[in-house]
Amino acid sequence: MNFKTDKLLHGGDYNPEQWLNRPDILEQDINMLEESGCNVVTLGVFSWSTLEPEEGNFQFGWLEEIIENLYRKGISTILATPSGARPKWMADKYPEVLRVDDTRRRMLFGERHNHCYTSPVYREKTAMINRKLAEKLGSHPGVILWHISNEYGGECHCPLCQSAFRKWLKERYGTIENLNDQWCTTFWSHTYQNFEQIESPSLIGERNLHALNLDWKRFVTYQTADFIRHEVQALRDGGSSLPVTANLMYYYQGLDYFKIAKELDIVSWDTYPTWHKEEVIETAYDNGMCHDLMRSLKRKPFFQMESCPTSTNWQSVSKLKKPGVLFAQSMQAVAHGGEGALYFQVRQSRGASEKFHGAVIDHYGGNDTRVFREVCKTGDAMKRLSQLAGSTVRSKAAIVYDWDSQWAMEDSQGPRNKGLHYLEAVQKFYRGFRQQGLNVDLVDMDCEIDSYEILALPMVYMFKAGFAQKVRTFVKNGGVLVTTYWSGIADDTDRCFLKGTPHDLMDVLGIRSTEIDGLYDWEENQMVPTEGNELGLTRSYTCRYLCDLVEMRGSRALMTYGSDFYKGYSALTVNDYGKGSAWYVAADGEQSFYEDFIKALLKHCSISGAVGCDIPRGLEITTREKEGVRYYLYQNFGTEPVRIPIPEADVECIYGDMEKELPVYELVVLKQKI
């Protein structure tokens, strides 16, 4: 089911149940939302105790009244299911709904997401309230979308979950003999006689059987996805056909989001960058890559469900967003293919956990605050750029980012048990591509890759069945492949491949990995260019953390190591295969290496970015397309105003001024007919 809107969404998470005894505040909130250009709010997140204060006593009148009042002002509602936090009466009467931790202790009532997704009671109670919400409010013209729960995460180790895990394993492996073989359980004499003997990983039990750890994480994703299906089905049973979303989180490692996204009609996520902790452009690249990951989960438009208008209350330092950053962050979501940007929260809570978390309306409550004025500016921009709604981002470049592979790699005990720097390795490629004006998708091993011109495999430790053949075909048909150290090491049960790595790509890459050196944090080596190399690289670069020693099997060396016993070994290679080329980066080079290498590589392979020329540092350029139109979105995350490079085409400026220097944190949008 597709989610379509003719406007960019602008608004936030609204919790009016905290103010039901203050009708004056509720009226003021709606007026200020209208003034700020907010056109949507999320309602009902964590509202269960107000919606059902006692078992079976449903109180929806207050919610219906607020939805209606918002609708009269032209403000739509994204209506949440309240399953993110259960009420006290439920925990007291049905303790099975509370989670059990890995040491087998049942948790007390409290916090959020302290509930078991397997519990029949919890499923019954969520189905009942979801169905009643759908029956009562699912057809209201002001409700445009369902928000399922909130930030799904965590795991439960109760007897119900143990039983469900064993059932899942039996369906996956068929026989205990097959499981023992795939898991390599004969090591340390851990062979199982039957599925009933298997328990989830525990700090007081088994935690070094890597395939068990990996399959437990897969099961947690499976069970969470199943619970999402259960929630959605209850809405359908209540007669609602509205599309659904769930707010995902920043590179969250507890769930495989490619699988979770299959249960959703549109992806949304909650973004809380630590602006001003480092160079703003570095934070912008990090945040932008996560936007692109969320967009890539379904290869469809997404939106930013939550962001803080000013400072959070939970980060180690609650840093204010400097003037212009709220606007820049919101518009970055749009630039990267988002259908809008929402905030947490609309009105600042007066007490409890998030009373000092930033909000559109603070405790003072006036419309003359710096933050409120910036929200108004953002709302105006969203309205002026409404034609961007429904447009898509088309990418020439893709980077493999796979949850299974990362889980396995970080649990594998070697070659570095502290600091594999996987996410940084992905980000180095991403920044290299983005600095050349390329849109970038992030894909997992199950995604189709044949539509891309260049594909990067940074530290893809695990090769799932069929993945190497997919990559081989990509290169054979003319694609450009860039693979790195610590790739193609193990299969999808974390068993090491035999007969050489990168598995089934040695001939494509023209190399074999023989050994890998883990460097201490204080150690470094050098990547030295070979004379007359085909990319014209002339600089030497520092490399750290991991250095792969490769045997050359037909490839050509462009760089070699500068020191240690492997001085002179190849550090960057290329091999021709079919109509394409395969490049191998053997070491974790510094960021400037990736910038120079990718720039030279794209030129060598005739892969052009958005504007086909050098882009000033700090400037992000992204393109969106629809119905014969291409949009160019320029954002300045640098430290000084910059001149924007204009594409060699007839363009119309629809936001900002393309003739003047682009100020820091500001935006220019150009439109081109194609």
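These figures come from a predicted structure and were not determined experimentally.
Defined by atom type and a distance below 3.5 Å, a donor-acceptor pair is present between the side-chain atoms of Q329 and W275. Between S395 and D441, the side chains place a donor N or O and an acceptor N or O closer than 3.5 Å (distance only, hydrogens not considered). Counted by atom type alone, R434 and T622 present one or more donor-acceptor pairs between their side chains at under 3.5 Å. In the model, T126 has no side-chain atom that pairs as donor or acceptor with a side-chain atom of E231 under 3.5 Å. A side-chain donor-acceptor contact under 3.5 Å links T271 and N287.
Ring pair Y343/H10 is perpendicular by interplanar angle, where above 60° counts as perpendicular and below 30° as parallel. A perpendicular orientation is assigned to the rings of Y401 and W403, their planes being inclined by more than 60° (bins at 30° and 60°). The aromatic rings of Y430 and Y285 sit perpendicular to each other, their planes meeting at more than 60°, with 30° as the lower class boundary.
Counting non-hydrogen atoms of neighbouring residues, nucleotides and ligands closer than 6.0 angstrom, the CG atom of D650 reaches no more than 12 such neighbours. Around CD of Q233, the count of heavy atoms belonging to other residues, nucleotides or ligands within 6.0 Å exceeds 12. Shown here is E627, whose CD atom has no more than 12 heavy atoms of other residues, nucleotides or ligands within 6.0 Å. Few gaps surround NZ on K626; more than 12 heavy atoms of other groups in view lie less than 6.0 Å from it. Residue-environment remark: CZ (R394) stays at or below the threshold of 12 foreign heavy atoms within 6.0 Å. The 12-atom threshold is exceeded at CD of Q253, counting heavy atoms of other residues, nucleotides or ligands nearer than 6.0 Å. In the displayed structure, Y422 atom OH is contacted under 6.0 Å by more than 12 heavy atoms of other residues, nucleotides or ligands.
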Show your reasoning for whether side chain to side chain contact (heavy atoms under 4.5 Å, CB included) applies to Q304 and H291.
-> CA-CA 8 Å; Q304 178 178 284; H291 279 315; 3.6 Å; yes
Checking side chain to side chain contact (heavy atoms under 4.5 Å, CB included) for the pair E306/Y272: CA distance, chi angles, key distance, verdict?
-> CA-CA 8 Å; E306 290 183 20; Y272 293 95; 2.5 Å; yes
Give the intermediate values and the outcome of side chain to side chain contact (heavy atoms under 4.5 Å, CB included) for residues Y251 and V426.
-> CA-CA 12 Å; Y251 303 115; V426 177; over 6 Å; no
Audit row: H147, S268, side chain to side chain contact (heavy atoms under 4.5 Å, CB included) steps and yes/no = CA-CA 9 Å; H147 179 312; S268 61; 5.7 Å; no
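Of the candidates V40, N39, D29, T77, T77 is the only one forming a side-chain contact (heavy atoms from CB on, under 4.5 Å) with L70. Under the salt bridge (charged side-chain N to carboxylate O under 4.0 Å, His left out) test applied with D380, the options K383, R384, K377 reduce to a single match, R384.
By the side chain to side chain donor-acceptor pair (under 3.5 Å) test, K132 is found to be paired with no residue, residues two or more places apart in sequence or in another chain being considered. Not counting sequence neighbours, the partners of M249 by the side-chain contact (heavy atoms from CB on, under 4.5 Å) test are E151, Y252, Y257.
Look at E279 and R617 and you find a salt bridge, because one of the NZ, NE, NH1 or NH2 atoms lies within 4.0 Å of a carboxylate O, short of that distance. A salt bridge between K300 and D265 is absent, with no side-chain N of the basic residue lying under 4.0 Å from a carboxylate O of the acidic one. Between E339 and R624 there is a salt bridge, with a side-chain nitrogen of the basic residue lying less than 4.0 Å from a carboxylate oxygen of the acidic one. The pair K673-E652 does not meet the salt-bridge criterion, since no charged nitrogen lies less than 4.0 angstrom from a carboxylate oxygen. For the pair R229 and D226, the salt-bridge criterion is met [side-chain N within less than 4.0 Å of a carboxylate O].
Nearest heavy atoms, P645 versus I621: CG-CD1, 4.0 Å. The two residues Y152 and S83 have their closest heavy-atom pair at OH-OG, 4.4 Å. Closest of all the heavy-atom pairs between R373 and N367 is CG-O, 4.5 Å. Of all the heavy atoms in N130 and L235, the pair that sits closest is O-CD2, 3.5 Å. Of all heavy-atom pairs spanning E354 and N313, the tightest one is CA-ND2, 3.6 Å. Closest of all the heavy-atom pairs between S240 and G138 is OG-O, 3.9 Å.
L633 is not listed as a side-chain neighbour of L385, based on a closest heavy-atom distance of 4.5 Å or more.
We find the CG-NZ distance between L388 and K671 to be 9.5 Å, quoted to the nearest 0.5 Å. Here CG of D286 is found 11.0 Å from NZ of K277. Values are rounded to the nearest 0.5 Å.
Between F227 and H115, a ring centre-to-centre spacing not shorter than 6.0 Å is recorded. Not less than 6.0 angstrom separates the ring centroid of H336 from the ring centroid of F302.
Under the 3.5 Å distance criterion, the side-chain polar atoms of D402 are matched with a main-chain donor or acceptor of M445. Put simply, the side chain of S307 gets close to the backbone of L342: a donor and an acceptor are under 3.5 Å apart. The main-chain N or O of A335 is never found under 3.5 Å from a side-chain atom of Q635 such that the two would form a donor-acceptor pair. With hydrogens and angles disregarded, a donor-acceptor distance shorter than 3.5 Å links the side chain of T81 to the backbone of S149. With hydrogens and angles disregarded, no donor-acceptor distance shorter than 3.5 Å links the side chain of E17 to the backbone of T50. Of the possible donor and acceptor atoms, one in the side chain of Q348 sits under 3.5 Å from a partner among the backbone N and O of H357.
Cation-pi geometry between K136 and F60 is not satisfied (NZ or CZ under 6.0 Å from the ring centre, within 45° of the ring normal).
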